[in-house]
Structure formats: structure tokens, C-alpha cells
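A short write-up of the structure that comes next.
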Amino acid sequence: MDAQGALDSFLGRLTTVLSNEAQLLSGVRSDVEFIKDEMESMNSLILQLTDAQHRDHLVRSWMKQVVGLTRDCEGNVELYVHYVVGSQPDGGGGLLGYLRGAVRFVRTVTVRHRIATRIQELKVRARDVGDRRQRYGVTVPESAPPGTDSTDFDVEPSGNEEDRRLRRAVLIDSAEQPPLEDVEVVRKGIETLLMWMAGQQPASDAAAATTARDDDGEPQVKVFSIIGRDLADEVAKVVFQLNSEDSSFGCKALVDVSYVGNARSTLAKILEEIAGVQPDQQDERLSKQGEHSSETLSVNEEEEQLAIKLQRHLKGKRFLIAIKQVHRVQHEWKRILGVLLQAAVGCHPGSAIILTTPYHQVALSSSPYKIIDATSQGVLNFYIVNAGKLVAVLKYLEHDNDDRMKTIGSIFDKLHNRQSVFAMKLFLHLLYVNPKRRQDELKMFSNSISDCTRLNKSIEQKMVMLCYNELPSKYRSCLLYLTIYPKDHIIRTTSLARRWIAEGLTPTTSTNDENESAANGAEHYLEVLFAGGFVSPVEISAAGDIKSFRVHHEVHKFISRSARDVNFVDANLPQDLAHHLSIHNRIELQKNNSYGDSKDIVASLPSLAASPQWQLLKVMDLDGCRGLEKHHLKKICKILLLKYLSLRNTDVTELPKQIKELQCLETLDIRQTGVRVLAKKPIVLPLLKHLLSGDMVSTTSGSSKSEESIATVSMPLCIQRMKNMEILSHVKVTDSGSQLCGIAQLLKLRKFGVALHGKDAKLHDLFQHIEKLDTCLCSLSIQVDQTAADENNDAGSVETFTPPKFIKSLNIKGLTTGLPQLIKELHQLVKLTLAETYLKEDDLRILGKLGALRCLRLLHKSYTQSELTIKNDEFQRLNYLLVEGNNITKISFVNGAAPKLEWIVWSSGRFDALFGIDHLSMLKKLKVNNECIMLHN
């Protein structure tokens with residue numbers, strides 16, 4: 001299985017070597033040809049062994065030998081290619097080129113001879129491995145029956161693109177924490193409400209539209225909403241009873257308005273409870289007053305009289321009013337709440353109104369910042385409902401669909417009885433991968449679960465195995481790769497994808513856009529692992545992309561055993577060290593290691609560098625490591641085949657000049673470091689694809705307020721010669737005329753981040769130079785400091801050039817002039833992030849017309865007005881809105897605005913109002929100051 005992945009990668013590399021470089025040394029060519037033929041024969045056998053149902057110890061041992069041989073061959077052939085042609089000087093024609101070639105030939109004779117000798121040894125070893133199979137009779141076991149193991153083909157879900165998007169949304173929603181059982185819902189609701197009532201929350205949370213305030217602005221009464229029916233009522237009842245013994249509450253009332261009529265009747269019932277009058281007497285008196293008032297008083301006048309009476313009882317007191325089951329007639333409830341808040345003026349601070357309602361919109365309009373979800377769904381019902389969604393979205397109804405859903409429900413019930421939420425989650429992923437499962441397949445799953453129960457075996461491991469069996473074999477190497485990370489380690493998806501590419505685990509196609517295909521291929525592989533249930537998202541972007549994830553401990557346990565079974569992971573190093581290096585490093589710590597803690601990668605670098613396998617490493621990930629010094633970096637620069645180097649979040653402040661020796665480097669990550677110059681002299685890293693840099697630092701201006709700005713590396717010299725560059729983010733530009741001229745020659749650049757500093761950094765020059773990137777550049781980030789902003793205040797010069805029309809993501813900070821006109825023609829813009837742009841209301845109207853915009857992030861000082869109003873027909877495709885900063889205190893949505901909005905994230909020190917939520921029919925999540933409210937539409 002994973003031996004096959006290793007062979008596929010190596011055979012592709014051998015073909016290139018034979019056609020281009022191997023002929024340079026005729027003695028090596030025949031050896032390489034023999035190794036290639038032998039490996040192709042082994043690959044055919046490995047393919048059959050992969051599909052085998054059972055493999056004995058002899059077969060497994062031979063497969064391990066093949067993997068080990070493959071890794072050794074691959075590393076030495078790569079090293080040979082590097083020394084023969086990998087570092088040939090540019091412009092090799094003429095006498096000068098001939099002399100350079102001659103010098104290089106003489107200089108590399110010794111090392112080439114050593115590599116040629118090693119390849120001859122590998123030839124003998126390859127022959128021995130082939131003979132050993134014959135000698136010990138390694139045969140192909142019986143293949144697994146259809147339907148019980150994976151294939152080499154992806155299972156493409158049925159339905160159109162919209163169906164697939166909806167089905168994936170179900171999977172993303174189920175990736176969130178599953179609902180609690182009823183008892184836990186009530187317990188957590190009570191604890192949360194008591195904590196809020198005691199004032200144990202951020203002070204900023206106390207500011208909301210639905211609070212009565214005293215003259216100093218302090219809240220006198222707070223409104224808390226509980227969404228749900230029976231469970232919500234139970235929470236309110238228990239909290240009310242617990243506080244009934246609290247003598248600090250001078251007035252208390254518990255009213256169930258599901259049995260009460262209009263607003264006047266509800267207020268009268270509350271007055272009855274507050275006043276402490278006997279119910280029979282109060283009902284009779286109210287009935288008589290009602291008959292009389294109906295003839296002489298209007299509804300508003302009656303409510304005003306009730307407000308006056310309530311205020312008379314509440315004034316100077318601390319009160320608690322709990323109102324159960326508020327109905328959906330919102331205008332009635334708004335009148336009730338308005339009267340109560342009016343009557344609360346003059347009451348003692350710390351008073352509270354608790355309401356329960358089954359309707360999210362009622363809760364949002366009452367207390368948008370403090371809502372408790374006490375809906376009774378339960379884990380079992382949650383997964384059964386989501387399973388039904390996965391099947392229903394495909395819009396096909398087979399004749400046995402009802403029977404299939406019953407079987408699916410019974411399987412979830414069995415898993416629920418085993419108290420395994422993780423197993424239920426995995427079964428949901430099995431349904432996602434193939435929702436058209438036949439009844440006999442479902443019964444097979446059901447019988448397997450019953451067998452586990454009967455034999456007292458791990459149901460979690462059984463479900464992981466079922467998922468693994470359905471994973472196409474070409475993805476298994478990427479899954480097993482995750483075993484190098486410690487348990488519960490948070491893995492960044494983009495970093496992992498680049499590591500996969502560097503290790504050769506994801507294929508690159510020979511298309512016109514090979515680099516983009518590699519990046520997309522790695523992302524696709526991760527998506528397949530998510531669909532199969534093998535990774536658990538930690539952070540999900542607004543677009544639904546997984547930004548980071550964990551591997552569940554049951555999955556980690558299973559794949560670790562599988563990786564050892566096929567010799568996929570080297571066991572020479574402790575896991576604390578192994579995840580920093582290539583997975584097939586074959587490096588061992590020296591037995592007399594005197595460099596410090598064997599679990600400290602920095603302390604162990606000298607010992608590791610002494611290994612002959614050191615220069616064959618492809619990955620070095622030192623993210624978060626401390627204590628790196630210059631001599632450590634010099635040793636790393638001797639890793640000639642290194643493709644991925646991450647120094648992110650380290651204390652490195654300067655790169656050694658030997659960095660130029662890393663001619664195979666594809667990714668250099670120096671974010672969150674003190675590195676400000678790539679190299680003092682011009683260097684060329686011809687294969688570099690990703691240069692990632694930048695660190696947010698706090699600066700203090702004349703006021704005491706601290707603001708963040710980006711400190712990053714200067715634009716590299718000779719950037720125009722790094723033709724393979726795909727991501728260049730962020731780089732500092734102080735002279736746009738000279739430093740940006742090479743950007744136009746980077747015709748593979750997909751993402752560009754630039755920080756303009758000083759009076760000679762012109763936005764005009766930036767747009768002029770990136771005009772030629774119109775077909776490749778899709779993400780642009782621009783940060784302008786104050787000096788550069790003053791120089792770019794000429795709106796006319798900004799409008800002369802616009803970003804490439806294919807821009808899909810745009811991030812702008814510090815540009816205060818001409819921004820709306822700059823981006824109004826970007827009809828493919830999907831994501832827009834703004835900070836310190838000081839937009840006005842008219843500017844917002846222009847942004848609202850961007851037809852493709854799905855994500856809008858308004859950060860600090862991006863908008864000048866205190867009220868953000870989204871009008872009718874604006875932001876028609878917007879899914880995600882983030883508002884951050886203290887100046888925006890009110891957000892309003894007019895009917896017809898942002899009809900597809902699903903997420904709202906609002907972070908502010910003050911809230912005045914949030915209007916129009918009831919117009920957002922697609923809204924699923926509202927997050928205010930880190931308090932997340934799940935909305936079930």
C-alpha cells in the first residue's frame with residue numbers, strides 16, 4: 001500500500017534522470033536502468049499485495065525491505081542529479097561557461113565517484129531483494145472481496161455542485177462539538193446563567209440595547225434569553241428557585257406566557273406576581289378593570305398604567321423576572337419588554353429578566369449578546385438527522401429508502417448504546433463518502449458492530465478500520481504521514497500540504513500549470529482525509545476551509561500501527577524529534593550524544609548532522625523552537641536536498657550566507673522571526689516557490705494606545721530570477737521604482753503581500769508592475785505605513801491602475817484615499833479585508849455591489865461611522881461578515897440585504913444595537929465577543 005506510494009514517486013523520478021542526466025556518467029546509467037527495471041517489477045507485486053486481504057509476517061518483512069531500498073535509492077539518485085547538473089551556473093555558453101563547467105567537473109569528481117559507488121551497491125542490494133522473494137517463496141495472498149477494501153479510484157459523490165456544497169456543509173456542522181444529552185444541557189445552562197447573573201463576564205458584555213441604565217451608564221437590569229422548550233423552562237425554573245432564597249432580590253416573578261394572551265394580560269400577570277396579591281382577588285380586580293378600561297382607555301394607555309404600577313413596586317429594589325415560552329409574535333413581545341425596561345428605571349443594579357423561547361429571532365432581538373441554547377436534540381437525534389440530510393440532498397428516492405434509513409437509525413442506536421460519539425461521527429463520514437449504500441452493506445456494518453459488542457472489542461478501532469478500508473490506496477501514505485506528529489498536536493493545513501509536496505507524497509502533473517496543480521492536489525488529499533473522518537477540524541475559515549486540525553487519538557493509534565506494519569515511519573528517533581524532519585530520514589542519534597536533552601531538536605542538531613543521511617533530508621520544520629544559533633543554521637544549509645525549511649516563530653534574527661547552497665529549497669518560512677534581510681548579497685534559489693515572512697509588532701504613538709504593524713523582510717535582491725515563485729508574502733518595499741521591477745517577471749506568482757514603507761514606496765508603481773500578472777495573481781495584500789500613505793493620497797494616480805481583474809482575495813491596510821474606485825471593477829473578488837481605510841457610508845454602498853464577494857472583514861478603523869447599515873440588494877452573495885473595533889456600535893440589516901449571510905462575528909468594546917437579524921433567513925452563527933450562538937434554520 002504505502003510501499004506502492006514510495007515506488008510510484010521514485011519511478012517517476014528515475015524516468016526523468018534516465019532521459020536527462022544519467023547519460024552523463026555511462027557507468028551509472030546501466031546501474032540506474034537495472035534498478036528501475038527491478039523496481040518496476042517490485043511495484044507490480046506491491047500493487048497486488050496492497051489489495052491482499054491478509055499478509056503474513058514473511059510478506060510484511062519483504063515489503064519493509066522494498067520500502068527501505070526505495071528510500072535509499074531515491075535519496076542517492078537525487079544527490080547525484082544535484083551534483084551533476086542541479087547547480088549548473090546560469091549563462092553557461094562561451095568560453096566563460098566552458099571554464100565554469102570544467103572547474104565544477106573537477107570539483108565534483110570525488111563526490112560523483114562516491115555516489116556512483118553507492119548506486120552500484122544499491123544495484124546489488126536490489127538484486128538481493130528480488131532474489132530473496134524467490135528464495136523464501138513470497139507469494140501474493142488472496143485479494144480482499146469487493147466492497148471490503150479500497151480501490152485506486154475516488155468515490156465521487158452524486159449530485160451537482162450545489163448538492164455537494166450542501167452535503168459538505170452538513171459534515172462541517174457535525175465537526176462542531178456534538179450536542180449534549182438533556183441532563184448536561186440543563187446543568188450547563190444553569191451554571192452559565194448563574195455565572196452571568198453574578199456578573200462573571202467581561203465588562204463589555206454588559207452593554208446592550210436591551211438594558212436599562214442609570215445616570216452613570218451602569219446597567220440596572222440585564223436581559224438573558226434561553227432558547228428551547230422544556231429544557232429551557234427547566235433551566236429558568238431552577239435558577240429562579242435558587243435565587244428565591246436570595247434576600248437581595250426584593251421582587252420576584254415567574255410567569256408562563258404560553259397560557260397568557262396579549263401584552264396587557266402578560267404585564268398584568270407579572271404585576272400580580274410582583275405585587276404579591278392573591279391570584280383570585282387579583283384576577284377578579286383585573287377583570288373588572290379590564291372591562292372598564294376597554295371602554296375608556298386605549299391599549300397604549302393601559303400598558304402605560306401597568307408600567308407605572310410596576311415601576312412603583314420595582315423602584316429602589318433588585319428584582320428577578322422569569323418569563324417562560326415567549327411566543328413568536330415579536331411586536332407583542334417587544335411591547336412587553338419595552339414596558340418592563342421602562343418600569344425598571346430607578347431599580348437597583350443587578351436586576352435581571354430571564355426569558356425562554358423556542359424562537360431564535362425573539363432571543364436575538366431581546367439579548368443578542370447573552371443567549372443560552374437549551375434545545376433538546378441529543379446526540380443520537382443529531383447524527384440521525386444529519387445522516388438524513390446527507391441522503392436527502394441527493395434528491396433520489398429509491399424504493400427501499402425507508403428501510404435503509406431505518407437500518408441507518410439502528411446502527412446509530414447501537415453506537416449510541418456503546419456510548420461512543422466518535423464512532424457515530426465516523427459512521428456519518430462513511431455515509432458522506434457513499435450515501436447510496438445498499439441494504440446489504442449497511443447490514444454488514446450493523447453485524448460488525450454487534451460482533452464488537454459481543455466480543456467486547458473496541459468499536460472505535462473497528463470504525464476506523466472500516467473508514468480506512470474505503471480510503472483509496474493513493475491517499476494512504478498522506479494519512480500515515482500524520483503519525484509523525486505527537487498526539488493532540490494541532491497541525492496547520494497549509495504547512496502540512498507543503499510538506500507533503502516536498503516529500504513527494506502528492507503527485508504533480510505535467511500540465512501547463514504544474515505548481516498550482518501540486519498545491520491543489522495537496523489540498524484535495526487533505527479534503528479526502530477529512531471526508532473519510534480521519535482529521536478533526538480545529539479552525540475552519542469563513543469559506544469552510546480547514547485551517548488547522550487534530551488527529552483523534554483512536555485514529556492516531558490505528559495509523560501508527562499500520563505505519564509500523566509497512567515500515568512507513570522510521571523508528572530510529574523519538575517522536576519529539578521525528579516530526580521536525582523528513583518522515584523517511586533514516587537518521588539515528590549518536591550513542592554518545594553529549595549535546596543535551598535527546599527530546600530537544602535544537603540540542604540534538606549537532607548529533608543529527610553527523611549522520612551520513614543528513615544531506616538527504618527534504619524537510620526541516622523547526623516551528624516554535626528556541627535557542628537556534630548561527631552554527632545550527634550553517635549545518636542546516638548543508639542539507640543539499642532540502643525542500644522545506646520552516647524557522648517560523650523562532651528567535652532567529654539573521655540567515656547565514658550559506659543559505660544560497662539550498663538550491664533545491666521550495667519553501668522558506670521565516671514568519672514571526674527577527675529576520676529582515678534574506679541575504680546581504682544577491683542570491684538565487686531557483687526552485688523557491690514559497691517565501692513566507694512577516695511579524696506583527698506593537699508600536700506606541702503619541703497616545704498611550706498601542707497599535708500593530710507588520711515588520712518583515714526586505715524585497716530579496718534578484719527576485720526576478722526566482723521564476724518558480726508562487727507565494728511571496730510579505731516583503732518590505734521602500735523604493736518601489738527599483739524593488740518592484742522584477743515582480744512582473746514572476747509569471748507563476750499566485751499570492752503577493754507587500755508592505756510599502758516611506759515616501760518612495762508608491763502604490764502607482766505597484767499596480768503598474770503587477771499588470772502583467774493578470775492571469776496568475778489571485779491574492780494580494782497591501783499594507784501602507786503613514787509616510788507612504790501621505791505619498792499615495794492622490795486618488796487620481798491610484799485610479800489610473802487597478803489590481804489584476806482575476807484577484808479573488810484582497811487585503812488592504814492604511815490606504816485612506818481612492819479605495820472604493822480602486823476595487824469596484826474586481827468582479828471576481830471573493831474575500832475582502834480592510835483596516836485603517838476610514839471608509840464612509842457612500843464607500844460601503846460601492847462595496848455592496850461587488851457581486852462575487854462572500855467574505856467581508858472590517859477591522860480596526862476600516863469604517864468611520866458608528867452605525868453600519870446594509871441596505872436592500874447589497875452584498876447579495878455574502879456568507880461571512882466580521883466587524884472588529886470600538887467605533888462601530890450599531891449594525892442594521894434592511895429587508896433584502898445580504899440574503900445568503902450565514903456567519904456574523906462582531907468584536908467591540910460597546911454594543912448599542914443589532915437590528916434586522918430576522919431578515920437573515922440563512923444566518924447560522926452569531927459570535928459576539930467570543931460568545932457563539934448557534935442558529936438552527
Side-chain angles (χ1 to χ4, degrees), residues 1-3 5 50 53-55 57 60 63-64 67 144 148-150 174-175 177-178 383 411 414-430 433 445 448-449 451-473 475-491 493 496 499-500 505 525-526 528-538 546 548-581 583-584 599:
M1 59 186 81
D2 308 295
T50 298
Q53 186 172 9
H54 301 288
R55 293 181 291 274
H57 293 292
R60 293 179 181 180
M63 291 176 69
K64 289 181 180 181
V67 173
T148 61
D149 208 346
S150 70
S174 66
Q177 188 70 22
Y383 282 107
I411 292 174
K414 288 182 179 180
L415 296 174
H416 185 254
N417 290 336
R418 289 293 299 267
Q419 298 183 349
S420 178
V421 174
F422 178 66
M424 298 172 74
K425 174 185 174 183
L426 288 185
F427 183 57
L428 187 70
H429 281 265
L430 283 170
V433 172
F445 289 149
S448 297
I449 295 168
D451 290 342
C452 285
T453 302
R454 179 172 54 84
L455 300 174
N456 197 27
K457 291 185 176 181
S458 171
I459 190 65
E460 291 82 9
Q461 288 296 296
K462 182 64 177 180
M463 294 303 298
V464 175
M465 186 184 72
L466 291 173
C467 292
Y468 186 77
N469 287 343
E470 300 212 355
L471 181 69
S473 57
Y475 301 110
R476 292 186 177 182
S477 292
C478 288
L479 174 60
L480 298 189
Y481 188 88
L482 302 179
T483 59
I484 67 173
Y485 293 101
K487 291 181 180 179
D488 294 325
H489 186 80
I490 297 179
I491 305 170
T493 56
L496 176 65
R499 289 184 63 155
W500 279 348
L505 297 180
Y525 272 50
L526 179 63
V528 170
L529 297 187
F530 167 65
F534 300 105
V535 300
S536 303
V538 172
I546 302 171
S548 63
F549 65 90
R550 284 190 179 95
V551 178
H552 192 277
H553 65 88
E554 292 288 352
V555 175
H556 197 280
K557 178 181 177 181
F558 180 89
I559 62 177
S560 296
R561 185 171 62 248
S562 300
R564 291 192 300 268
D565 184 37
V566 295
N567 197 31
F568 186 81
V569 179
D570 294 328
N572 300 328
L573 296 176
Q575 192 173 47
D576 295 298
L577 300 184
H579 77 278
H580 293 289
L581 310 177
I583 192 167
H584 305 294
K599 294 184 178 182

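All values below come from the heavy atoms of this structure, side chains included, with hydrogens, waters and symmetry mates left out.
- A donor-acceptor pair under 3.5 Å links the side-chain atoms of R476 to the main chain of L471, judged by distance alone.
- Rounding to the nearest 0.5 Å places CZ of F445 at 5.0 Å from CG of L430.
- Residues H416 and Y383 form no side-chain contact, since every pair of their non-hydrogen atoms from C-beta on lies 4.5 Å or further apart.
- V464 has its side chain within reach of F422: a pair of non-hydrogen atoms, C-beta onward, lies under 4.5 Å apart.
- Shown here for A423 and L415, the closest heavy-atom pair between the two residues is O-CD1, 3.6 Å.
- In this structure, the side chains of Y525 and L529 stay at 4.5 Å or more apart for every pair of heavy atoms.
- The line from CD1 of I559 to CZ of R564 is 10.5 Å long, rounded to the nearest 0.5 Å.
- Side chains of K425 and H429 form a contact here, defined as non-hydrogen atoms less than 4.5 Å apart.
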Can you check side-chain contact (heavy atoms from CB on, under 4.5 Å) on L482 and F534, steps first, answer last?
CA-CA 10 Å; L482 302 179; F534 300 105; 5.8 Å; no
Between M465 and K462, does a side-chain contact (heavy atoms from CB on, under 4.5 Å) hold up when you go through it step by step?
CA-CA 5 Å; M465 186 184 72; K462 182 64 177 180; 3.1 Å; yes
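- Nearest heavy atom pair, residue I490 against residue S548, reads CG2-CB, 3.9 Å.
- Scanning both residues, H556 and P486, for their nearest heavy atoms gives NE2-C, 4.3 Å.
- Proximity of a side-chain donor or acceptor of T493 to a complementary backbone N or O of I546 within less than 3.5 Å is detected.
- Classification of the Y485-H489 ring pair by plane angle, with boundaries at 30° and 60°, yields parallel.
- Residues Y468 and L479 meet the side-chain proximity criterion, which asks for heavy atoms closer than 4.5 Å.
- To the nearest 0.5 Å, atoms CD1 (I459) and OG (S420) are separated by 7.0 Å.
- For the atom pair I449 CD1 and N417 CG, the distance stands at 11.0 Å (nearest 0.5 Å).
- Remark: the backbone N or O of D488 is paired with a side-chain donor or acceptor of R550 at under 3.5 angstrom.
- Considering all non-hydrogen atoms of both residues, C452 and S458 come closest at SG-O, 4.2 Å.
- Atom CD in E460 sits 9.0 Å away from atom NZ in K557 (nearest 0.5 Å).
- In terms of heavy-atom proximity, G533 sits nearest to V555 at O-CG2, 4.4 Å.
- In this structure, E470 and L466 have side chains that are not in contact, with every pair of non-hydrogen atoms separated by 4.5 Å or more.
- When side chains are defined from C-beta on, S560 counts as touching T483, because their heavy atoms get closer than 4.5 Å.
- Looking at heavy atoms from C-beta onward, I484 lies in side-chain contact with R499 at the 4.5 angstrom threshold.
- The two residues V433 and A531 make their nearest non-hydrogen contact at CG2-O, 3.6 Å.
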